Amino acid sequence: METCRLKNIAIVILLLFNGCLLLTVGHQKFQSLRAENRAEGQLRELYQASRLTLNEDIDLFRKPLGLVALSRQAETEQAIASTLLGGGAVSTSQGGGIYSYEAGGGTIQFRAGGSFYGARLNLPVEDIEAFAGEFCRRFSYETPRLQVEDGTGSVYAGQLVNGVRVTNCGVEMFFEQGRLTSVTGAHVGLEGAAVEEGAQMTCVTALMKFLDYRNASGVVCSEVVDARCVYQLQGAAQPRLLPSWEIETDTYTYYVDGRTGEVSGR
């Protein structure tokens, strides 16, 4: 009988303890929501006072991206080179982190930071749109933009990493009379990558940085249309993906560095 009573007391204590935990978590969540609502209200008031519209559809509490340290991907480099050279690309080290890939269509060089370049190529391409589209799907680039007429022109596409744009990383192909003649660009991936710990700039902070920049520099715009976190590729020997907030206005697009808060235009 005494054992049963002790068990009941223990169960009640556990229930009370769990109830206290739930109340604590609920209170913290409530306080967090209050802080977010307060920050959003203050930000919109500041924008209104500066006669700058902040689109109501912007999610001010989008999750920021972390800084990512990248590692070199030899297999992916060879696959890209083989696709652009017509298959079977053979690699040769040139020293200094440079690898040369050669096949029937010519030679392409890759550097440690992910950039690549190939001139004097000679790859016949029957359907340029289909060729570029398949290349972009396979190697995680955006839908390509074509400026081609009668088999001559260029194709450009920016890269995506887990669906996030890398603003200064893309590929551009040049064609002459139905032949791929040169290519330049960069490619990165997350295989072997490591997310570096550290403070991450919030969307609200980035928009405050942009507002200060706009008021100080005299930037001409009347509305912030959207704000999204993107990556920027940095580093020639040891590449990293740096988070940056892309601020789209009704005139131009600006970038707020996720570490320093520095604002730059595109």
Side-chain angles (χ1 to χ4, degrees), residues 68-193 230-242 266:
V68 182
L70 302 170
S71 60
R72 189 160 193 171
Q73 303 166 47
E75 291 184 2
T76 303
E77 289 181 4
Q78 188 164 33
I80 290 174
S82 294
T83 300
L84 296 173
L85 298 176
V90 178
S91 66
T92 304
S93 175
Q94 304 296 321
I98 301 173
Y99 274 80
S100 178
Y101 294 84
E102 187 174 357
T107 302
I108 293 177
Q109 288 189 342
F110 276 81
R111 296 182 178 274
S115 63
F116 58 89
Y117 174 76
R120 299 179 182 177
L121 306 183
N122 187 24
L123 179 68
V125 178
E126 184 175 343
D127 187 332
I128 293 176
E129 184 174 3
F131 174 84
E134 176 58 28
F135 178 90
C136 291
R137 282 188 294 272
R138 182 179 176 187
F139 298 109
S140 300
Y141 290 91
E142 296 175 310
T143 301
R145 300 194 293 271
L146 282 76
Q147 293 184 325
V148 178
E149 186 175 348
D150 296 330
T152 299
S154 64
V155 175
Y156 176 80
Q159 197 188 348
L160 300 171
V161 172
N162 274 1
V164 179
R165 260 189 330 109
V166 185
T167 60
N168 58 339
C169 184
V171 60
E172 190 165 14
M173 308 176 193
F174 299 90
F175 298 85
E176 291 183 15
Q177 297 179 351
R179 291 179 176 272
L180 176 65
T181 56
S182 65
V183 62
T184 183
H187 184 277
V188 295
L190 295 182
E191 293 86 349
V230 297
Y231 283 125
Q232 290 187 336
L233 177 62
Q234 185 184 78
Q238 296 180 329
R240 298 187 300 172
L241 292 177
L242 306 180
R266 182 166 65 182

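Along the sequence shown, residues are numbered consecutively beginning with 1. Just so it is clear, the model here is predicted, and its values are computed rather than measured. Hydrogens, waters and symmetry mates play no part in the numbers below; they use all other heavy atoms, side chains included.
- Inter-residue side-chain proximity for L233 and L70 is flagged as met; some heavy-atom pair is nearer than 4.5 Å.
- With a 4.5 Å cut-off on side-chain heavy atoms, H187 and Q159 count as touching.
- Pairs passing the side-chain hydrogen bond (donor to acceptor under 3.5 Å, both in side chains) check and including a residue from residues 77-98, sequence neighbours excluded, read R72-E77, E77-Y101, T83-R138.
- Contact detail for L84 and M173: the closest heavy-atom pair is CD2-CE, 4.1 Å.
- Looking at heavy atoms from C-beta onward, V171 lies out of side-chain contact with Y156 at the 4.5 angstrom threshold.
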Donor-acceptor pairs are to be reported for all side-chain atoms of residues 108-137 against protein atoms at under 3.5 Å, with residues two or more places apart or in another chain.
| unit_1 | atom_1 | unit_2 | atom_2 | d |
| --- | --- | --- | --- | --- |
| N122 | OD1 | R179 | NH1 | 2.9 |
| D127 | OD1 | E129 | N | 3.3 |
| D127 | OD1 | A130 | N | 3.0 |
| E134 | OE1 | R137 | NH2 | 3.4 |

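- Contact annotation: the side chain of L241 approaches that of V166 to within less than 4.5 Å [non-hydrogen atoms, C-beta and beyond].
- Crowding of E142 atom CD: a count of heavy atoms from other residues, nucleotides or ligands under 6.0 Å exceeding 12.
- Annotation: side chain of V183 is not in contact with side chain of E172 (no heavy-atom distance under 4.5 Å).
- Here the closest non-hydrogen pair linking T167 and Q232 is OG1-CG, 3.1 Å.
- Here R240 contributes atom CZ and Q234 contributes atom CD; the two are 6.0 Å apart, rounded to the nearest 0.5 Å.
- Using a 4.5 Å cut-off on side-chain heavy atoms (C-beta onward), T181 and F174 make contact.
- The two residues A157 and P144 make their nearest non-hydrogen contact at CB-CA, 3.9 Å.
- Heavy atoms only, all atoms of each residue included: G87 and A103 are closest at O-CB, 3.4 Å.
- S140 contributes no side-chain N or O that, together with a main-chain N or O of L160, makes up a donor-acceptor pair within less than 3.5 Å.
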